[in-house]
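In listed order, ligands and their atoms are each counted from 1. Just so you know, these numbers use all the heavy atoms, side chains as well, and skip hydrogens, waters and symmetry mates.
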Amino acid sequence: MIDPMDVVLVGATGAVGQEMLRVLEQRAFPVRRLRVVASPKSAGGAVTFRGEALTLVAPSPQVFAGAAVALFSAGSSIAREWGPVAAAAGCLVVDNSSAFRMDERYPLVVPEVNGHRIPARGGGIVANPNCSTIQMLMALKPLHDRWGLEHVVVSTYQAISGKGARAVDEFERQQRAVLAGETPPVSILPGVLAGNLLADWTHEPSGFSEEELKIVAESKKILELAGLRISPTCVRVPVRNAHSQSVWARFARPVSRDEAITTLRAAPGVVVDDRIGPGQHPQPREVSGSDDVAVGRVRRDLDDPQALSLWVVGDNLRKGAALNAVQIAERAFGVTPSSRA
Ligand SMILES: NC(=O)c1ccc[n+]([C@@H]2O[C@H](COP(=O)([O-])OP(=O)(O)OC[C@H]3O[C@@H](n4cnc5c(N)ncnc54)[C@H](OP(=O)(O)O)[C@@H]3O)[C@@H](O)[C@H]2O)c1
């Protein structure tokens, strides 16, 4: 039995922060006192945890004093400023932003994939990977262990909740405007997503988006496969929550569809949907709200006996962010989750 501990949640009002509150409660994480942090403009407001209204505060060194865990989901600049302060105060910091992901000093962790990198209890920073990276590796790691992963081509179909609470709000206003025959508002997003597709991430001079490059770099670091070839294309789709991915993966040895399905069925945190037929595949509407990553449409490549095609759907706010972060804290402190979901 683990003694309850003080926990700090930075970014408690955001899309990930709100999910974090639900996950901590549903898994009965042993929280003695939860301190909730948001920007100075939200200070004095409240969020609800375990039926109790908790008052929001702005970040300060005092907030982290005596806490065992600090869960960050407030973006990179806040993580860079306050993550080291929290770690110095003795907190285990689990950060959802990209601030520490590619820094070799910090582990980048999906517990089911490289859980051995989670430090034992005590201060330090652990980076939570990008949501797209997490769900893709949940599907590919068991297959990599079986056949040796060499090359991945992935196209993503990413939900708007991945862009944060204000983007969700703008998308919903766009949808209402489109239905009313009015001009959709565009201020947070770089264009209209309602009834449309967008690559809304910052782009590099190479033509790749920031999101695509995160998938490449993070996958290589987590799998410790510097030579892995990955070709990503990321697209935002007019879906509220849960990302989908079309994944083509080539391995060092010949693969079989049946063995791939058996292997994925045995993987923790993965559910296999082997139905075949129109509409018979994992869908964001069904997967939204679930902890498991759903893999369907498992096909051996028609021309390449060493390649598989997969359809992978995961809740970007849960396994792609909040759940993965809480699982890291659970492992670090030896907490066995109980289900109050
Ligand atoms: N959404 C996803 O699916 C997802 C998945 C994986 C990782 N992430 C990452 O997680 C982080 C949060 O994403 P999100 O989607 O939850 O964003 P979000 O909805 O925009 O929420 C941002 C949070 O940060 C807080 N914040 C902003 N400025 C702050 C400040 N100066 N001090 C303290 N808190 C401040 C906000 O508080 P206010 O309400 O007061 O502004 C809010 O609670 C980002 O780094 C994102 O890349 C997101």
Side-chain angles (χ1 to χ4, degrees), residues 8-23 35-47 54-61 63-64 70-83 85-86 93-101 108-110 126-138 156-172 187-189 200-202 209-211 214-215 218 234 236-237 239-245 284 287-289 293 313-328:
V8 184
L9 178 53
V10 182
T13 54
V16 175
Q18 289 289 299
E19 199 64 44
M20 208 84 87
L21 290 166
R22 281 188 283 275
V23 170
R35 299 171 203 166
V36 286
V37 179
S39 74
K41 79 171 164 44
S42 298
V47 294
L54 302 180
T55 303
L56 291 157
V57 295
S60 71
V63 135
F64 302 106
L71 302 168
F72 276 68
S73 60
S76 295
S77 57
I78 300 301
R80 283 199 190 91
E81 184 178 354
W82 292 103
V85 175
V93 173
V94 186
D95 177 45
N96 273 281
S97 79
S98 59
F100 308 111
R101 288 179 189 156
L108 178 64
V109 177
V110 183
V126 179
N128 216 46
N130 172 277
C131 42
S132 299
T133 309
I134 292 177
Q135 72 179 65
M136 185 179 86
L137 295 191
M138 286 291 289
T156 69
Y157 304 72
Q158 296 188 218
I160 189 60
S161 62
K163 209 168 174 70
R166 291 168 67 222
V168 173
D169 178 59
E170 179 163 289
F171 168 62
E172 288 176 345
S187 59
I188 311 284
L189 292 165
D200 58 44
W201 299 270
T202 306
S209 71
E210 204 176 32
E211 185 82 352
K214 284 178 184 172
I215 293 175
E218 293 178 20
C234 292
R236 187 82 58 194
V237 296
V239 166
R240 193 176 194 287
N241 192 44
H243 292 348
S244 305
Q245 299 174 328
V287 171
S288 178
V293 170
V313 185
D315 186 324
N316 48 292
L317 293 177
R318 284 186 81 87
K319 186 57 191 167
L323 172 64
N324 199 71
V326 172
Q327 286 174 321
I328 290 169

* Check each of Ala12, Ala322, Gly14, Pro59 against atom 32 (N) of ligand 1 and report the one with the nearest heavy atom. => Pro59
* Asked: Which ligand 1 atoms does Ala165 reach within 4.0 Å, using its non-hydrogen atoms?
  -> 18 (P), 19 (O)
* Asked: What closest approach, in Å, do Val37 and Pro59 show between heavy atoms, and which atom pair accounts for it?
  -> CG1-N, 3.6 Å
* To do: Verify, without hydrogens or angle tests, whether Lys163 (side chain) and Ile188 (backbone) share a donor-acceptor contact under 3.5 angstrom.
  => no
* Should Asn324 and Pro129 count as side-chain neighbours, where that means a heavy-atom distance under 4.5 Å? -> yes
* Asked: With only distance considered, is Lys163 within less than 3.5 Å of ligand 1 through an N or O on each side?
  -> no
* To do: State whether any protein heavy atom lies less than 4.0 Å from atom 46 (C) of ligand 1.
  => no
* Ile134 vs Glu218 side-chain heavy atoms within contact, under 4.5 Å -> no
* Structure fact -> The side chain to side chain contact (heavy atoms under 4.5 Å, CB included) partners of Ser73 (sequence neighbours excluded) come to Val16, Met20, Asn96
* Asked: For ligand 1, is there an N or O atom under 3.5 Å from any N or O atom of Gly11?
  -> yes
* Polar atom proximity, Pro129 to ligand 1 (N or O, under 3.5 Å) -> no
* Asked: Who pairs with Phe64 by ring-ring contact (aromatic ring centres under 6.0 Å, His included), at least two apart in sequence or on another chain?
  -> Phe72
* To which of Ala325, Ser73, Gly17 does the heavy atom nearest atom 23 (C) of ligand 1 belong? -> Ser73
* Which bit of Ser161 is near ligand 1, meaning a heavy atom under 4.0 Å away: side chain, backbone, both or neither? -> backbone
* Structure fact -> Nearest heavy atom to atom 28 (N) of ligand 1, choosing from Ser39, Gly162, Ala15, Gly75, belongs to Ser39
* Mark yes or no for whether Gln245, through its side chain, and Ser132, through its backbone, hold a donor-acceptor pair below 3.5 Å. => yes
* Measure Arg166 to ligand 1 on non-hydrogen atoms and call it side chain, backbone, both or neither using the 4.0 Å cut-off. => neither
* Asked: Which of the listed options, Asp315, Ile78, Asn96, holds the heavy atom that is closest to atom 7 (C) of ligand 1?
  -> Asn96
* Answer yes if a protein heavy atom lies under 4.0 Å from atom 19 (O) of ligand 1, otherwise answer no. => yes
* **Matching residue for Asn130 among Gln135, Glu211, Glu210 - test: side-chain hydrogen bond (donor to acceptor under 3.5 Å, both in side chains)** => Glu211
* Would you say Ser76 has any N or O atom under 3.5 Å from an N or O of ligand 1, going by distance alone? -> no
